[in-house]
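Any value given below was found using the heavy atoms of this structure, including those in side chains, with hydrogens, waters and symmetry copies removed.
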Amino acid sequence: QVQLVESGGGLVQPGGSLRLSCAASGFTLNRYAIAWFRQAPGKEREGVSCISGTYGTTDYTDSVKGRFTISRDNAKNTVSLQMNSLKPEDTAVYYCATRMLRTCEYYSGNGVEYGYWGQGTQVTVSS
């Protein structure tokens, strides 16, 4: 059974950092693309970053480039999202998801193409 579980969210001041983790079970994570999405109150869900299967090619939405880094730990079957220089507008529930395909198509949308989701973890950036 495919399962994704996020962790690492919390409250942080502007300019601070958080590291989110997405633990996978029921499949070998490094074979498939894993994406991070977020949804802020009253806003549509948006894609944040994606790491492809096999080669680990990464991509980021423009608003987080240079601040967020996605990575994969094959031994632990996890994907992490290191978030630095956090801003209040980064406040959202963050989800990891997969389509069980190798490439990162459609992650930049609202994720409707992604069939497997974690439960989400809240990130709040506030002073």
Side-chain angles (χ1 to χ4, degrees):
Q1 182 180 356
V2 173
Q3 189 173 13
L4 298 168
V5 178
E6 303 96 336
S7 62
L11 172 64
V12 64
Q13 292 186 344
S17 299
L18 281 175
R19 186 177 182 87
L20 305 183
S21 290
C22 174
S25 60
F27 69 105
T28 302
L29 183 146
N30 66 358
R31 295 180 181 176
Y32 304 102
I34 303 294
W36 284 95
F37 293 85
R38 66 186 180 186
Q39 188 164 23
K43 294 188 177 181
E44 189 177 19
R45 186 171 59 199
E46 65 170 346
V48 174
S49 181
C50 186
I51 184 166
S52 70
T54 306
Y55 298 113
T57 303
T58 60
D59 199 9
Y60 303 89
T61 193
D62 286 345
S63 62
V64 308
K65 283 181 180 177
R67 301 189 297 122
F68 290 12
T69 304
I70 191 170
S71 61
R72 188 170 64 207
D73 186 329
N74 294 336
K76 295 182 179 180
N77 217 35
T78 60
V79 166
S80 295
L81 185 68
Q82 177 67 43
M83 306 187 296
N84 299 329
S85 302
L86 283 162
K87 305 175 180 180
E89 51 264 42
D90 295 317
T91 295
V93 178
Y94 284 71
Y95 302 89
C96 61
T98 184
R99 296 187 303 146
M100 298 300 286
L101 294 174
R102 186 176 59 83
T103 56
C104 282
E105 285 97 343
Y106 307 118
Y107 95 89
S108 59
N110 64 8
V112 66
E113 296 86 358
Y114 283 69
Y116 300 91
W117 293 81
Q119 82 287 354
T121 186
Q122 176 70 47
V123 172
T124 303
V125 184
S126 175
S127 55

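With Gln119 contributing its side chain and Val5 its backbone, the two residues share no donor-acceptor pair below 3.5 Å. A donor-acceptor contact shorter than 3.5 Å links the side chain of Thr98 to the backbone of Met100. No donor-acceptor distance shorter than 3.5 angstrom exists from the side chain of Ser85 to the backbone of Gly15, with no hydrogens or angles considered. Without hydrogens or angle criteria, Glu6 side chain to Gly120 main chain gives a donor-acceptor distance under 3.5 Å. Looking at Asn77, its side chain does come within 3.5 Å of a backbone N or O of Leu29 through a donor-acceptor pair. In terms of modelled atom types and a separation under 3.5 Å, the side chain of Arg72 and the main chain of Ser52 share a donor-acceptor contact.
Placement of Tyr116 and Val93 in two distinct hydrophobic clusters is found when ILVMFWY residues are connected by side-chain heavy-atom separations under 4.5 Å, directly or transitively. No chain of hydrophobic side-chain contacts below 4.5 Å, direct or via other Ile, Leu, Val, Met, Phe, Trp or Tyr residues, connects Leu4 to Leu101.
Of the inter-residue distances, the one linking Asp73 atom CG with Asn30 atom CG reads 10.5 Å to the nearest 0.5 angstrom. Put simply, CZ on Arg67 and NZ on Lys87 are 4.5 Å apart, with the number rounded to the nearest 0.5 Å. Here OG1 of Thr57 is found 11.5 Å from CD1 of Ile70. Values are rounded to the nearest 0.5 Å. Taking CG of Asp59 as the reference point, atom OG of Ser108 lies at 8.0 Å (rounded to 0.5 Å). From Thr58, atom OG1 reaches atom CZ of Phe68 across 14.0 Å, with rounding to the nearest 0.5 Å. To the nearest 0.5 Å, the span separating NZ on Lys43 from CG on Asn110 amounts to 15.5 Å.
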- [ ] Using the side-chain contact (heavy atoms from CB on, under 4.5 Å) rule, take Glu46 and Arg38 through it: C-alpha gap first, then chi angles, then the decisive distance, then the call.
- [x] CA-CA 6 Å; Glu46 65 170 346; Arg38 66 186 180 186; 2.6 Å; yes
TODO: Just do the side-chain contact (heavy atoms from CB on, under 4.5 Å) check on Tyr107 and Ile34 with the steps written out, would you?
DONE: CA-CA 9 Å; Tyr107 95 89; Ile34 303 294; over 6 Å; no
Task: Stepwise side-chain contact (heavy atoms from CB on, under 4.5 Å) check, Val125 with Glu89 - done: CA-CA 8 Å; Val125 184; Glu89 51 264 42; over 6 Å; no
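Residue Tyr106 places its OH atom among 12 or fewer non-hydrogen atoms of other residues, nucleotides or ligands, all under 6.0 Å distant.
Ring geometry, Tyr95 versus Trp117: the interplanar angle exceeds 60°, so the pair is classed perpendicular (tilted spans 30 to 60°).
Of all the heavy atoms in Ser126 and Pro14, the pair that sits closest is C-CD, 3.6 Å. Nearest heavy-atom pair across Arg45 and Gln39 is N-NE2, 3.7 Å. Residue Ala33 comes nearest to Thr103 through the heavy atom pair CB-O, 3.3 Å, listed as atom of the first residue, atom of the second, then distance.
By the 4.5 Å heavy-atom criterion applied to side chains, Met83 and Ser49 are not counted as neighbours. Under the 4.5 Å side-chain criterion, counting only non-hydrogen atoms from C-beta, Gln122 is not in contact with Leu11.
Under the 6.0 Å cut-off for aromatic ring centres, Tyr114 and Phe37 qualify, their centroids lying closer than that.
Salt bridge Lys65/Asp62: present, at least one basic N to carboxylate O contact under 4.0 Å.
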